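Data block below; observations after.
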Protein chains: 2
Amino acid sequence: MIPAEQTSDNPNFERFQTICRDAGLKLTPQRLEIYNELAVARDHPSAEDIFHRVRRRMPTIALDTVYRTLTTFESIGAIARVDVADDRARFDAELGPHHHCVCARCRSIKDFQWETFDILGMPKETSAWGRLMDKQVVLRGVCRDCLRKEADSEG
Amino acid sequence: MIPAEQTSDNPNFERFQTICRDAGLKLTPQRLEIYNELAVARDHPSAEDIFHRVRRRMPTIALDTVYRTLTTFESIGAIARVDVADDRARFDAELGPHHHCVCARCRSIKDFQWETFDILGMPKETSAWGRLMDKQVVLRGVCRDCLRKEADSEG
DNA sequence: TTCCGATTTAAGAATCATTCTGAATCAGGC
DNA sequence: GCCTGATTCAGAATGATTCTTAAATCGGAA
Ligand SMILES: [Mn+2]
Ligand SMILES: [Mn+2]
Ligand SMILES: [Zn+2]
Ligand SMILES: [Zn+2]
């Protein structure tokens with residue numbers, strides 16, 4: 001088999017292996033390829049995106065395997081599903097706290113950091129709601145590329 | 001036809017009528033019922049939720065009409081789609097700035113206000129991204145009801 | 001190395017939310 | 001009342017995702 005792209009230098013990769021081992025998951029080539037593709041991606045790809053990318057080096061991969069594997073990874077906390085709503089699910093190997101910009105036109109999702117927000121803590125307005133696990137900012141708008149295309153087509 | 005629940009006292013209702021008129025939409029009984037059901041709801045219902053609620057007073061309503069109408073309302077800015085991702089779309093008649101708590105177990109969505117956050121403005125980290133239209137906080141966790149059920153079932 | 005249970009593949013079929021199609025109905029203008 | 005375009009309805013179609021089954025393959029413990 002063609003060796004996978006080198007991603008073991010990614011700090012997330014160590015954690016990934018540990019999580020898999022603890023969950024009793026075998027480290028199959030398919031799983032490694034799928035994780036690697038997601039780990040090097042910056043665009044929060046869909047299952048089908050990952051399928052096409054993995055297929056370049058592993059032509060026999062089945063779409064079902066990609067769906068199944070991503071779901072498995074998510075259930076053991078090795079990756080995250082990006083819940084900003086789209087018709088298709090989007091995935092993220094970055095588990096640390098960060099936020100997302102979402103383009104209403106092209107559906108691109110971009111990470112950003114916001115320390116000023118992170119240090120705010122949880123809002124007191126929700127102290128009675130339940131147990132909060134995560135707080136995240138979602139910014140919506142139109143990305144630069146789409147603004148440019150828009151301007152071009154208008155003349 | 002059975003008259004709709006009285007919601008014209010809702011300050012949003014005035015705006016709703018104006019928006020529809022400006023968009024050239026006829027105020028059909030179906031549209032009024034669908035808007036009213038959403039306007040009185042506090043739970044960010046799905047299209048199917050609204051379908052079942054409207055059907056109580058309008059038994060012949062078609063599910064497709066609910067989907068089509070909600071999409072129409074959203075496109076003219078009369079309602080909002082709550083993009084916290086679920087397998088199904090959730091809707092909101094509240095258009096003012098506010099934020100959401102999402103329960104990972106029961107998928108309930110609850111509004112909250114957070115002035116401290118609102119006055120922050122847009123983060124400088126994203127100034128180059130494009131044109132930002134909206135910033136929203138999404139808190140994820142487990143709601144009180146689900147925590148209680150969990151505790152009960154564990155003994 | 002051997003062996004067993006886990007995993008993948010292939011090809012479909014099933015599911016579920018949502019959208020589309022075509023016919024029927026309605027509202028308002030003439 | 002009649003015409004026309006907007007709207008609704010019921011059922012079919014779509015598309016992402018999951019599931020089924022059976023056969024082939026693989027990973028890793030012993
Ligand atoms: Mn991300
Ligand atoms: Mn809301
Ligand atoms: Zn864009
Ligand atoms: Zn809950």
Side-chain angles (χ1 to χ4, degrees), chain A residues 1-4 16-38 44-52 54-55 57-76 78-79 81-91 107, chain B residues 1 4 17 20-35 37-38 44-55 57-76 78-79 81-91 107 109:
Chain A
M1 213 230 337
I2 304 166
F16 169 70
Q17 287 188 303
T18 305
I19 293 176
C20 284
R21 200 168 328 116
D22 293 352
L25 286 190
K26 292 179 182 175
L27 287 179
T28 67
Q30 288 88 346
R31 287 179 174 155
L32 288 171
E33 286 292 344
I34 289 169
Y35 181 80
N36 281 342
E37 251 348 306
L38 183 59
H44 308 84
S46 68
E48 196 145 0
D49 290 335
I50 295 173
F51 170 64
H52 290 305
V54 168
R55 201 156 57 160
R57 41 170 59 92
M58 186 180 271
T60 61
I61 187 90
L63 178 58
D64 183 65
T65 300
V66 176
Y67 273 108
R68 185 167 19 81
T69 302
L70 289 169
T71 301
T72 303
F73 286 171
E74 189 204 1
S75 71
I76 63 174
I79 67 171
R81 198 177 284 257
V82 183
D83 279 335
V84 292
D86 195 349
D87 42 348
R88 58 191 66 194
R90 307 281 288 262
F91 297 89
R107 311 265 92 190
Chain B
M1 215 231 336
Q17 287 189 303
C20 283
R21 201 169 327 116
D22 292 353
L25 287 190
K26 292 178 183 172
L27 287 180
T28 67
Q30 288 88 346
R31 285 178 176 157
L32 289 171
E33 286 293 344
I34 290 169
Y35 181 79
E37 247 355 300
L38 183 60
H44 307 84
S46 68
E48 196 145 2
D49 291 335
I50 295 173
F51 170 64
H52 289 305
R53 295 174 197 181
V54 168
R55 202 158 53 161
R57 42 170 56 91
M58 187 180 272
T60 61
I61 188 91
L63 178 57
D64 178 66
T65 300
V66 176
Y67 273 107
R68 186 169 16 81
T69 301
L70 289 169
T71 301
T72 303
F73 286 170
E74 189 205 0
S75 71
I76 63 175
I79 68 171
R81 194 178 287 258
V82 183
D83 278 334
V84 291
D86 193 350
D87 41 350
R88 58 191 65 193
R90 308 280 289 262
F91 297 89
R107 312 263 91 190
I109 303 173

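By convention in this document, chain letters (A, B, ...) are assigned in the order of the sequence lines, proteins followed by strands, and residues within each chain are numbered from 1. For clarity, every value in this text was computed on a predicted model and none was experimentally measured.
Using a 4.0 Å heavy-atom distance criterion, A:Leu63 is classed as making no nucleic acid contact. As judged by a 4.0 angstrom heavy-atom cut-off over every strand, B:Thr60 is placed among residues touching the sugar-phosphate backbone only. Within the nucleic acid shown, B:Asp87 comes within 4.0 Å of sugar-phosphate atoms alone, with no base atom in reach, counting heavy atoms only.
Counting to the nearest Å, the C1' atom of D:dG11 and the CZ atom of B:Phe51 are 13 Å from each other. For A:Arg90 and D:dT17, the CZ to P distance is 11 Å, given to the nearest whole Å. Separating the CG atom of B:Asp49 from the P atom of C:dC16 is a distance of 16 Å, rounded to the nearest angstrom. With rounding to whole Å, A:Arg107 atom CZ is found 16 Å from D:dG15 atom C1'. Going from atom CG of B:Asp64 over to atom P of C:dT18 covers 12 Å, rounded to whole Å. C:dT8 atom C1' lies 16 Å from atom CZ of A:Arg55, rounded to whole Å. The nearest whole Å value for the distance from the CD atom in B:Glu33 to the C1' atom in D:dT8 is 15 Å. Nucleotide C:dT19 holds its P atom 13 Å from the CD atom of B:Glu48, rounded to whole Å.
In this model, the phosphate group of C:dT9 is approached by a side-chain N or O of A:Thr65 to a distance below 4.0 Å at OP1 or OP2. Phosphate proximity of C:dT19 to B:Tyr67: absent, as no side-chain N or O sits under 4.0 Å from OP1 or OP2.
Separating the CD atom in A:Gln30 from the CD1 atom in A:Ile61 is a distance of 5.0 Å, to the nearest 0.5 Å.
Under the 30°/60° scheme for interplanar angles, the aromatic rings of A:Phe73 and A:Tyr35 are found to stand perpendicular.
Within the 4.5 Å cutoff, the side chain of B:Val84 has heavy atoms near those of the B:Ile109 side chain. A:His44 has its side chain out of reach of A:Phe91: every pair of non-hydrogen atoms, C-beta onward, lies at least 4.5 Å apart. Considering only heavy atoms from C-beta on, B:Arg53 comes within 4.5 Å of B:Pro45 through its side chain. For the pair A:Pro29/A:Met58, a side-chain contact is recorded, criterion being any heavy-atom separation below 4.5 Å from C-beta on.
Between the side chains of B:Thr71 and B:Arg68, no donor N or O sits under 3.5 Å from an acceptor N or O.
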Within the sub-3.5 Å range, which N or O atoms of nucleotides 3-7 of chain C have a protein N or O partner, and how far apart are they?
residue : atom : partner : partner atom : Å
C:dG5   : N2   : A:Lys26 : NZ           : 2.9
C:dA6   : O4'  : A:Lys26 : NZ           : 3.2
C:dT7   : OP1  : A:Arg31 : NH1          : 2.9
C:dT7   : OP1  : A:Arg31 : NH2          : 3.1

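Set against D:dT17, D:dG28, C:dT21, the side chain of A:Ala89 has D:dT17 as its closest nucleotide.
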